[in-house]
Amino acid sequence: MDQISLITEFYTAFAAHDYKRMAACYHDEIEFHDPAFGTLKGDQAKAMWKMLIERSEGKLKVVFSNVTSSSAHWEAFYLFSKTGRNVHNKIDAQFEFKDGKIIRHHDHFNLWAWSRQAMGISGLLLGYTSFFRNKLQAQTRKLLSDYMQRSK
């Protein structure tokens, strides 16, 4: 499968809430990075997508566009469970490949814009700070770790 087809397959699977197909696009040594989780490697990255899809309870909408051999734009529409607020996150992704699979996946989005939607006034006031980013990453990584322990 060429790189454009692989990226398209990844997001088509995501839009269909099929985390197994998503994980099949990833190399076993995948390194994922985004502002909310920081850096995740291997099974952590694969489990993150499974957790996010399961927690969305079918209410996650994903659309993607502008797929190239190393990048894509995608948007997520969902209800942030912690606050019950609607989020429309706009993400630009960069990819690297090894052995016909995605080995590096870096999602870039405006954390302050996300935090304002997801957290309301506290996101507006603190979402641009490194304190907020560090606290968020610690919380999301704990959530993921707990999820992975329960899923064993």
Side-chain angles (χ1 to χ4, degrees), residues 7-68 70-96 102-152:
I7 294 169
T8 299
E9 169 66 10
F10 181 85
Y11 286 112
T12 300
F14 194 9
H17 301 177
D18 188 342
Y19 57 84
K20 289 181 183 176
R21 276 178 45 214
M22 293 174 73
C25 296
Y26 274 171
H27 192 280
D28 286 341
E29 297 171 14
I30 181 66
E31 178 183 294
F32 172 85
H33 181 85
D34 83 352
F37 282 88
T39 300
L40 303 174
K41 294 182 179 182
D43 289 339
Q44 286 182 319
K46 295 173 184 179
M48 175 202 60
W49 296 116
K50 181 179 180 188
M51 180 184 78
L52 293 176
I53 287 170
E54 287 180 355
R55 289 176 55 91
S56 76
E57 299 178 340
K59 297 175 185 159
L60 168 68
K61 179 182 174 188
V62 173
V63 295
F64 64 96
S65 60
N66 302 328
V67 176
T68 73
S70 63
S71 66
H73 175 80
W74 65 282
E75 300 184 25
F77 303 82
Y78 59 95
L79 195 66
F80 186 63
S81 60
K82 190 172 181 179
T83 61
R85 297 175 60 89
N86 286 312
V87 173
H88 173 195
N89 200 12
K90 300 175 185 179
I91 303 110
D92 290 310
Q94 298 290 319
F95 299 93
E96 293 178 29
I102 300 167
I103 186 121
R104 284 193 185 71
H105 176 179
H106 289 200
D107 278 350
H108 307 275
F109 61 86
N110 184 321
L111 187 60
W112 189 36
W114 176 87
S115 68
R116 290 190 314 258
Q117 293 176 69
M119 308 286 193
I121 191 70
S122 62
L124 174 67
L125 297 175
L126 298 172
Y128 66 92
T129 66
S130 59
F131 169 80
F132 177 85
R133 184 187 67 247
N134 293 338
K135 184 173 180 178
L136 176 65
Q137 288 178 4
Q139 289 174 343
T140 55
R141 292 174 73 84
K142 170 125 177 47
L143 187 68
L144 178 60
S145 177
D146 292 348
Y147 173 82
M148 290 176 75
Q149 286 296 321
R150 286 192 310 273
S151 296
K152 283 186 175 181

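Only a predicted model underlies this, so the values are computations on that prediction, with no experimental measurement involved.
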Next item on the list: Check whether any side-chain heavy atom of Thr39 sits under 4.5 Å from a side-chain heavy atom of Glu31, and report yes or no.
Entry: yes

Checklist line | Any residue meeting side chain to side chain contact (heavy atoms under 4.5 Å, CB included) with His88, in chain and number order, not counting sequence neighbours | finding: Glu75, Phe77, Lys90, Gln117

Checklist line | Tyr78 OH to Asn86 CG distance, which is reported to the nearest 0.5 Å | finding: 10.5 Å

Notebook entry, point to check: Hey, what do you get for CG (Leu60) to CG (Leu52), rounding to the nearest 0.5 Å?
Noted result: 8.0 Å

Note to self: Within this structure, what is the CD1-CD1 distance for the pair Ile102 and Ile7, rounded to the nearest 0.5 Å?
What the structure shows: 6.0 Å

Margin query: Within the 4.5 Å heavy-atom criterion, are His33 and Leu40 side-chain neighbours or not?
Written below: no

Note to self: Between Ser71 (side chain only) and Gln94 (backbone N and O only), is there a donor and an acceptor less than 3.5 Å apart?
What the structure shows: no

Next item on the list: Determine, stepwise, if the pair Arg85 / Leu79 fulfils side-chain contact (heavy atoms from CB on, under 4.5 Å).
Entry: CA-CA 6 Å; Arg85 297 175 60 89; Leu79 195 66; 5.8 Å; no

Checklist line | Non-neighbouring partners of Ser56 that pass side-chain hydrogen bond (donor to acceptor under 3.5 Å, both in side chains), sequence neighbours left out | finding: none

Next item on the list: Mind checking the CG-CZ spacing from Asp107 to Phe37? Nearest 0.5 Å is all I need.
Entry: 11.0 Å

Item checked: Flag, side chain of Ser151 to backbone of Met148, donor-acceptor distance under 3.5 Å -> no

Notebook entry, point to check: Judged by atom type as modelled, is there a donor-acceptor pair below 3.5 Å linking the side chain of Arg21 to the main-chain atoms of Phe10?
Noted result: no

Enumerate donor-acceptor pairs with a distance under 3.5 Å from any side-chain N or O in residues 41-50 to protein atoms, sequence neighbours excluded.
| residue | atom | partner | partner atom | Å |
| --- | --- | --- | --- | --- |
| Gln44 | OE1 | Lys41 | N | 3.3 |
| Lys46 | NZ | Asp28 | OD1 | 3.2 |
| Trp49 | NE1 | Tyr26 | OH | 2.9 |

Next item on the list: Would you give the length of the straight line joining atom CZ of Arg116 to atom CG of Leu111, rounded to the nearest 0.5 angstrom?
Entry: 10.5 Å

Item checked: Flag, side chain of Arg55 to backbone of Ser81, donor-acceptor distance under 3.5 Å -> no

Notebook entry, point to check: Under the side-chain hydrogen bond (donor to acceptor under 3.5 Å, both in side chains) test, which residues partner Glu54, sequence neighbours left out?
Noted result: Tyr147

Margin query: Can a donor-acceptor pair be found, under 3.5 Å and without considering hydrogens, that links the side chain of Thr140 to the backbone of Ala36?
Written below: yes

Item checked: With Ser145 via side chain to side chain contact (heavy atoms under 4.5 Å, CB included) - residues at least two apart -> none

Check: Taking the six-membered ring for Trp, are Trp114 and Phe132 parallel (under 30°), tilted (30 to 60°) or perpendicular (over 60°)?
Finding: tilted

Checklist line | Verdict with supporting geometry, Ile103 and Glu29, side-chain contact (heavy atoms from CB on, under 4.5 Å) | finding: CA-CA 6 Å; Ile103 186 121; Glu29 297 171 14; 3.9 Å; yes

Notebook entry, point to check: Are Ser65 and His73 linked by a side-chain donor-acceptor pair shorter than 3.5 Å?
Noted result: no

Margin query: As an exercise, state the distance from NZ of Lys59 to CD1 of Ile53, rounded to the nearest 0.5 Å.
Written below: 15.5 Å

Next item on the list: Using a strict 4.0 Å threshold on nitrogen-to-oxygen distance, state whether Asp146 and Lys142 make a salt bridge.
Entry: yes

Note to self: Could you check whether any side-chain N or O of Gln137 sits under 3.5 Å from a backbone N or O of Pro35, counting only pairs where one atom can act as donor and the other as acceptor?
What the structure shows: yes

Margin query: Per the side chain to side chain donor-acceptor pair (under 3.5 Å) rule, what does the pair list look like for residues 10-20, sequence neighbours excluded?
Written below: Tyr11-Trp74

Note to self: Any non-hydrogen side-chain atom of Asp34 less than 4.5 Å from a side-chain atom of His105?
What the structure shows: no

